[in-house]
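Quick note: numbers below take in every heavy atom, side chains included, and nothing from hydrogens, waters or symmetry partners. Numbered from 1 within each chain, the chains take letters A, B, ... in sequence-line order.
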Protein chains: 2
Amino acid sequence: MMDENAAREAVVRAADELFYARGVQAVGMDAVRTAAGVSLKRIYSLFASKDELIVAVLHHRTGVWDSGLASASERATTARERILAIFDFLDAWFREPDFRGCAFINTHGELGASSTAVADAVREQKRTFQQYVAQLVADAGAPPALAPQLAILAEGAQTTAAIAGTPDAAHHARAAAETLLDAAVPARPAAVVGS
Amino acid sequence: MMDENAAREAVVRAADELFYARGVQAVGMDAVRTAAGVSLKRIYSLFASKDELIVAVLHHRTGVWDSGLASASERATTARERILAIFDFLDAWFREPDFRGCAFINTHGELGASSTAVADAVREQKRTFQQYVAQLVADAGAPPALAPQLAILAEGAQTTAAIAGTPDAAHHARAAAETLLDAAVPARPAAVVGS
DNA sequence: TTGCGCGGAGAACGTTCGTTCTCTACTGTA
DNA sequence: TACAGTAGAGAACGAACGTTCTCCGCGCAA
């Protein structure tokens, strides 16, 4: 039998995929059971309710997003490059065949009005991303006001790509980010990250 | 008794408010009936199904959005001012107490995966907005590539404001739009709209 | 007045879903 | 072998929902 951690992870991963592909409310716990290979009894011993599972899925997605972003910026050496790497990361994501927009935005639109736990988890993820951008902006020597502008570009690219069904928005957002960076950063070599 | 058009409008308006406030799937047809003051029998004689009502609500919202945007840009005399008026319009909207993000984005996240009619209606609305922006960009004498960048800013501001629960994003997006405009438009007086 | 058709109120129906319960099989121990 | 405990499969339960149906009252034509 699976130990508790393995069962927990199997359930969260299966629920994540199903929720993302079809929407949370369109997926029954039976479908999660089948996909995860974990009995309903066990699922309900690991999570008190579907709501709790939803929050666990959002936390799991936060980790996936953070590590994806981190690995996408690994090759970048300057803060400016790291900022632009965000949009390259988005571009690659938008091209995945099962891309269906940002799971946090989707889930917030679906359940944010009725579940404060969901709204909180989504808000927390976005706040973390904004802080990540703010750090890069500071590293680049740009004024702090640039950070929310870049974050808004990233958010807008995600919804635009999801609705249009094309990855173009990543390219447009990246071009806008470059313009904003050029306008914000004093005209001298960008600072190296961490310097 | 209400004539057909009045009943239709009462149902669509009531459904619009309820769907926007709570999410589509969280609202039963009984609640629409009560809010609209139109019997279920009548509702189903006007709309073949809830899906059809949802699409009608989205079309109604498109009209509301378009006219709101048009009246917000009435006082603007130049294309640049009209572009920035978009973000002032967003700012005013974000400050409304019952603001809960863009209904199109929310509905797409909730039902876009299962209903192509919903996905189509949402895509159509976004396409119309992008064309509106593209026209203003052309009027301003800026290169066409600026238009999708401004549209992405507007989309990102809507989701950011909805999730954060604050109207700040409108201000940030407006500032970014100004920077992009300054960088894109040749340094001479902007053309007057329609000239 | 009588009959007719339309529409309102809401009960009813069938389905789906979240959650719990029952039954059975299996594992490890004495 | 007998037994206790655990977990899986899925039936069962109660609620909610989309949709339809029934019953009743009203307005109107003759």
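Between A:V38 and B:K50, the residue anchored closer to the 5' end of DNA chain D is A:V38, taking for each the nucleotide with the nearest heavy atom.
Considering only side-chain N and O atoms, B:R33 lies nowhere under 4.0 angstrom from the phosphate OP1 or OP2 of C:dG10.
For the residue pair A:D139 and A:Q135, a side-chain donor N or O sits within less than 3.5 Å of a side-chain acceptor on the partner.
Counting only heavy atoms from C-beta outward, the side chains of B:D168 and B:F94 never approach each other to under 4.5 Å. Counting heavy atoms from C-beta outward, A:M29 and A:L40 have side chains that approach closer than 4.5 Å. Between B:I86 and B:L136, the closest side-chain pair of non-hydrogen atoms falls below 4.5 Å.
Pairs passing the side-chain hydrogen bond (donor to acceptor under 3.5 Å, both in side chains) check and including a residue from residues 89-105 of chain A, sequence neighbours excluded, read A:D91-A:R95. Identified under the side-chain hydrogen bond (donor to acceptor under 3.5 Å, both in side chains) test for residues 50-59 of chain B, with sequence neighbours left out: none. Among residues at least two apart or in separate chains, there is no ring-ring contact (aromatic ring centres under 6.0 Å, His included) pair with a member in residues 35-58 of chain A.
Evaluation of the side chain to side chain donor-acceptor pair (under 3.5 Å) rule for B:E178 yields no partner, not counting sequence neighbours. Partners of B:R61 by side chain to side chain donor-acceptor pair (under 3.5 Å), not counting sequence neighbours, listed by chain and number: B:D16. With sequence neighbours left out, A:R174 forms a side chain to side chain donor-acceptor pair (under 3.5 Å) with A:D88. Shown here are the side chain to side chain donor-acceptor pair (under 3.5 Å) partners of B:Q131, two or more places apart in sequence or in another chain: there are none.
Using a 4.0 Å heavy-atom cutoff across all strands shown, B:S49 reaches sugar-phosphate atoms only and no base atom.
What separates CD1 of B:I54 from P of D:dC17 is a distance of 14 Å, to the nearest Å. The distance from atom CZ of A:R42 to atom P of D:dG10 is 18 Å, rounded to the nearest whole Å. Atom CD in A:E52 sits roughly 10 Å away from atom P in C:dT19 (whole-Å rounding).
Aromatic pair B:F129/B:W65: ring centres closer than 6.0 Å.
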Sequence neighbours left out, cut at 3.5 Å: what donor-acceptor pairs do the side chains of residues 155-166 of chain B make with other protein atoms?
from	atom 1	to	atom 2	distance (Å)
B:E155	OE1	B:K126	NZ	3.0
B:E155	OE2	B:K126	NZ	3.3
B:Q158	NE2	B:A154	O	3.2
B:T159	OG1	B:G156	O	3.3
B:T160	OG1	B:G156	O	2.7

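In secondary-structure terms, DNA chain D builds stems of at least 3 consecutive Watson-Crick or G-U pairs, each pair having both distances under 3.5 Å, at C:1-30 with D:1-30.
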Contact string for nucleotides 20-25 of chain D, one letter per nucleotide 5' to 3', B = base within protein heavy-atom range under 4.0 Å, S = sugar-phosphate only, - = neither, reads B-B---
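Contact check of residues 106-119 of chain B against DNA chain D (heavy atom, cut-off under 4.0 Å) returns no residues at all. Using a 4.0 Å cut-off on heavy atoms, the residues of residues 16-32 of chain A that approach DNA chain C are A:V27, A:G28, A:M29, listed by number.
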